[in-house]
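I have placed the structure first, in the form of C-alpha cells, so that the comments after it can refer back to it.
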Amino acid sequence: MFIDFMLCLREQGLAVSLDEWLSLMDALDKGLADNSLIEFYYLCRNVLVKTEADYDKFDMAFAKYFEGVESVEEIPDELWDWLSQGELERDLLDKPEWAKEYDLDELMKMFKERLEEQKEKHDGGNYWIGTGGTSAMGHGGYNPAGIRVGGYSRHKSAVKVAGERNFKDFRQDHELDIRQFQMAFRKLRQFSTRVDAEKTELDVEGTIDATCNNAGMLKLVYEKPRKNTVKLLLLIDSDGSMAQYARLCNQLFQALHQSTHLKDFRTYYFHNCVYDYLYTTPRCRDGEWVETDWVFANLDSEYKVIFVGDAAMSPYELMARGGNQNWYAYNEEPGIDWLEKFTRRYKKCIWLNPIKEEHWQWAYGHRTIKAVGEVFPMFELTLDGLDKGIQRLLVR
C-alpha cells in the first residue's frame with residue numbers, strides 16, 4: 001500500500017525504514033488516520049519523521065505525491081462560517097432510526113452532491129450539511145457513521161498544509177544566518193576549562209536532564225564557570241567566484257566577532273589559495289597583508305583553523321610555482337605546499353565550502369576541490385556541515 005509514496009519520501013532524502021513503514025500500515029489498519037487526508041498527513045509525519053529538520057523534506061514529498069487529491073476539508077469558506085456560528089446541540093440518542101450506515105464511497109458521493117446543492121446555512125434535520133440534527137455531514141448532532149465538518153476539528157487541506165513548507169527554516173542542509181552560526185560555534189566552548197571556583201553558572205543541559213529525571217519538577221544544576229581558552233583563526237577566500245557568497249561569509253564573520261566564548265579570534269583573507277601573504281581586508285589589495293610565515297610564528301599551534309572558500313580555481317593556481325594571480329606577489333612555493341604547512345603547524349584545521357557537497361565532483365574547479373579536500377577535512381557550509389566540522393575540531 002502506498003509503496004510509491006514511500007519511494008517518494010526516500011527520493012526527498014528521508015531515511016524511511018521498512019519497520020517504520022510497517023508501523024504506519026499497522027496504524028492505518030487501526031483507523032488512526034480517521035479516513036481523513038489531513039489526519040493521514042499528521043500520522044505519517046509522526047511515524048516516519050525522526051527530527052524536525054526533516055519536516056520540510058516530508059512536506060515536499062507529501063505535496064508532490066498527493067498533488068491534486070481533494071479532501072473533505074476542501075469546502076467553501078462560506079460554509080465554514082455557517083458551521084462555526086451557533087452550534088445546535090440535540091440529544092437524539094433515543095432515535096436510532098435516524099442513523100444509517102454508509103460506506104465511505106457512498107458518503108463521499110453524497111457529500112459532493114450536498115456541496116453543489118446547498119446555498120444557505122442549515123441547523124437540524126437529516127439531509128443538509130449543518131449543525132445539530134442527524135445528517136451524516138456536519139457537526140453538533142448525532143450520526144455514528146457520518147463525516148464531521150466544522151466544529152473543533154476544522155483543518156486546511158493536507159496538501160495545502162504540506163505545500164506551505166512551514167518548516168523549511170528547520171532544515172539542516174540550508175545555508176545559515178548569524179543566529180544559527182552563533183549557536184553552532186557555541187559548541188567550541190567544550191574546549192574551555194572550568195575555573196576552580198564555586199558552582200555559580202547554570203548548566204542548562206544538566207538542568208533539563210535533572211528535571212526530566214525528577215518527574216518534571218524543576219531541578220536546577222550549576223557548574224563552575226568556564227574560562228575562555230579557545231583561540232580561533234578564520235581564513236576566508238575573497239572576491240572572484242566567492243563574490244556570490246560574500247553575504248554568507250559576512251554573517252559567519254559577524255557571528256564569530258560577536259562571540260563571547262573565544263579567548264582570541266583572528267581573521268585573514270586570501271584569493272583562491274594561500275601563498276606567501278595573507279590579506280588583512282577582504283579587498284585583498286597589495287600591501288594590506290601580513291606574511292603567512294609571520295602568522296605561523298605569532299599564532300601558536302593551539303589555534304583552531306577554519307578555512308572558508310569554494311576551493312574552485314585553476315589547477316595551475318594550486319599546484320604550480322607562480323600560480324598566484326597577483327603578479328606582484330610571486331610565489332616560489334605552490335599553493336598546495338602552503339596549505340600543507342597549515343596542517344603541520346596547527347593540530348585542528350577544517351575547510352568549509354559554500355558549494356553544495358553533491359556538486360563537488362562536477363562543479364567548476366572540481367579537481368582543485370578534490371585536492372584541497374585531501375589536505376583538510378572539508379564540509380559543506382550548511383548547519384549540518386558546520387556541525388560536523390565543529391565536531392571535528394572538538395576531537396581531542
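Ion pairing of Lys347 with Glu302 is present here, as a side-chain N (NZ or NE/NH1/NH2) and a carboxylate O approach within less than 4.0 Å. Look at Asp384 and Lys388 and you find a salt bridge, because one of the NZ, NE, NH1 or NH2 atoms lies within 4.0 Å of a carboxylate O, short of that distance.
Val221 and Gly206 make their closest contact through CG2-O, 3.6 Å (heavy atoms, listed as atom of the first residue, atom of the second, distance). Taking all atoms of both residues into account, the shortest heavy-atom contact from Cys349 to Phe376 is CB-CD2, 3.7 Å. Considering every non-hydrogen atom in both Asp203 and Glu223, the closest pair reads OD2-CG, 3.7 Å. Of all the heavy atoms in Cys8 and Ala61, the pair that sits closest is SG-O, 3.6 Å. Closest non-hydrogen pair, Leu28 versus Ala33, comes out as CD2-CB, 3.7 Å. Between Leu393 and Val305, the shortest heavy-atom contact is CD2-O, 4.5 Å.
With sequence neighbours excluded, no residue satisfies salt bridge (charged side-chain N to carboxylate O under 4.0 Å, His left out) with Glu291. The side chain to side chain contact (heavy atoms under 4.5 Å, CB included) test applied to Glu332 returns Arg321, Tyr330, not counting sequence neighbours.
Partner of Phe342 under the ring-ring contact (aromatic ring centres under 6.0 Å, His included) criterion, chosen from Phe307, Tyr268, Trp351, Tyr303: Phe307. With respect to Tyr275, the side-chain contact (heavy atoms from CB on, under 4.5 Å) criterion is satisfied by exactly one of Asp337, Asn326, Asn324, Leu339: Asn324.
With contacts defined as side-chain heavy-atom distances shorter than 4.5 Å, the pair Leu9/Phe58 qualifies. Tyr316 is not listed as a side-chain neighbour of Met319, based on a closest heavy-atom distance of 4.5 Å or more. Looking at Ile355 and Tyr364, their side chains never come closer than 4.5 Å, going by heavy atoms from C-beta outward. Contact check for Leu48 versus Asp54: no side-chain heavy atoms found under the 4.5 Å cut-off. Leu7 has its side chain within reach of Asp4: a pair of non-hydrogen atoms, C-beta onward, lies under 4.5 Å apart. Contact annotation: the side chain of Leu318 never approaches that of Trp338 to less than 4.5 Å [non-hydrogen atoms, C-beta and beyond].
Criterion: ILVMFWY side-chain heavy atoms under 4.5 Å apart, direct or through other members. Under it, Tyr328 and Tyr277 are not part of a common hydrophobic cluster. A chain of hydrophobic side-chain contacts below 4.5 Å, direct or via other Ile, Leu, Val, Met, Phe, Trp or Tyr residues, connects Ile3 to Val47. In terms of hydrophobic clustering, with Ile, Leu, Val, Met, Phe, Trp and Tyr side chains grouped at heavy-atom distances under 4.5 Å, Tyr222 and Leu218 are assigned to a common cluster. Side-chain heavy atoms closer than 4.5 Å link hydrophobic residues (I, L, V, M, F, W, Y) into clusters, and following such links, possibly through other members, connects Met25 to Val16.
Annotation: Lys50, atom NZ; neighbour count of heavy atoms from other residues, nucleotides and ligands within 6.0 Å is above 12. Residue Lys231 places its NZ atom among more than 12 non-hydrogen atoms of other residues, nucleotides or ligands, all under 6.0 Å distant. The neighbour count for Lys219 NZ, taken as heavy atoms of other residues, nucleotides or ligands under 6.0 Å away, does not exceed 12. Heavy atoms of other residues, nucleotides or ligands lying less than 6.0 angstrom from CD of Glu358 number more than 12.
Side chain of Arg345 to backbone of Leu299: a donor-acceptor contact under 3.5 angstrom is found. Looking only at distances, no side-chain donor or acceptor of Ser238 sits under 3.5 Å from a matching main-chain atom of His271. Judged by distance alone, the side chain of Arg45 and the main-chain N or O of Tyr55 form no donor-acceptor pair under 3.5 Å. With Asp26 contributing its side chain and Leu22 its backbone, the two residues share no donor-acceptor pair below 3.5 Å. Side-chain atoms of Lys57 do not come within 3.5 Å of backbone N or O of Val49 as any donor-acceptor pair. Distance alone, capped at 3.5 Å, places no donor-acceptor pair between the Thr368 side chain and the Pro315 backbone. In terms of modelled atom types and a separation under 3.5 Å, the side chain of Asn213 and the main chain of Asp209 share a donor-acceptor contact. Distance alone, capped at 3.5 Å, is enough to place a donor-acceptor pair between the Asn331 side chain and the Gly323 backbone. Checking side-chain atoms of Trp360 against main-chain N and O of Lys370 turns up no donor-acceptor pair under 3.5 Å. Using modelled atom types, no side-chain atom of Thr207 and backbone atom of Leu220 make a donor-acceptor pair closer than 3.5 Å.
Rounding to the nearest 0.5 Å gives a distance of 12.0 Å between CD of Glu20 and SG of Cys44. Taken from CG in Leu32 to CD in Glu39, the straight-line distance is 10.0 Å, to the nearest 0.5 Å. Distance OG1/Thr382 to CG/Asn353: 10.5 Å, rounded to 0.5 Å. For the atom pair CG (Leu352) and SG (Cys249), the distance works out to 9.5 Å, reported to the nearest 0.5 Å. A distance of 9.0 Å separates SG of Cys284 from OH of Tyr269, quoted to the nearest 0.5 Å. To the nearest 0.5 angstrom, Ile369 atom CD1 is 6.5 Å from Asp310 atom CG.
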Given the rule in the side chain to side chain contact (heavy atoms under 4.5 Å, CB included) test, do Gln325 and Met313 qualify, once you have shown the distances and angles that lead to the verdict?
CA-CA 11 Å; Gln325 291 186 352; Met313 67 194 91; over 6 Å; no
Kindly indicate, with the supporting measurements, whether the criterion ring-ring contact (aromatic ring centres under 6.0 Å, His included) is fulfilled by Tyr41 and Phe66.
CA-CA 10 Å; Tyr41 164 82; Phe66 290 100; 9.5 Å; no
Given side chain to side chain contact (heavy atoms under 4.5 Å, CB included), test Tyr279 with Asp239 step by step and report yes or no.
CA-CA 12 Å; Tyr279 297 93; Asp239 208 3; over 6 Å; no
Side chain to side chain contact (heavy atoms under 4.5 Å, CB included) between Leu248 and Leu252: does it pass, once the steps are laid out?
CA-CA 6 Å; Leu248 183 62; Leu252 184 148; over 6 Å; no
Is there a side chain to side chain contact (heavy atoms under 4.5 Å, CB included) between Trp289 and Phe270? Walk through the geometry before answering.
CA-CA 10 Å; Trp289 57 35; Phe270 62 94; over 6 Å; no
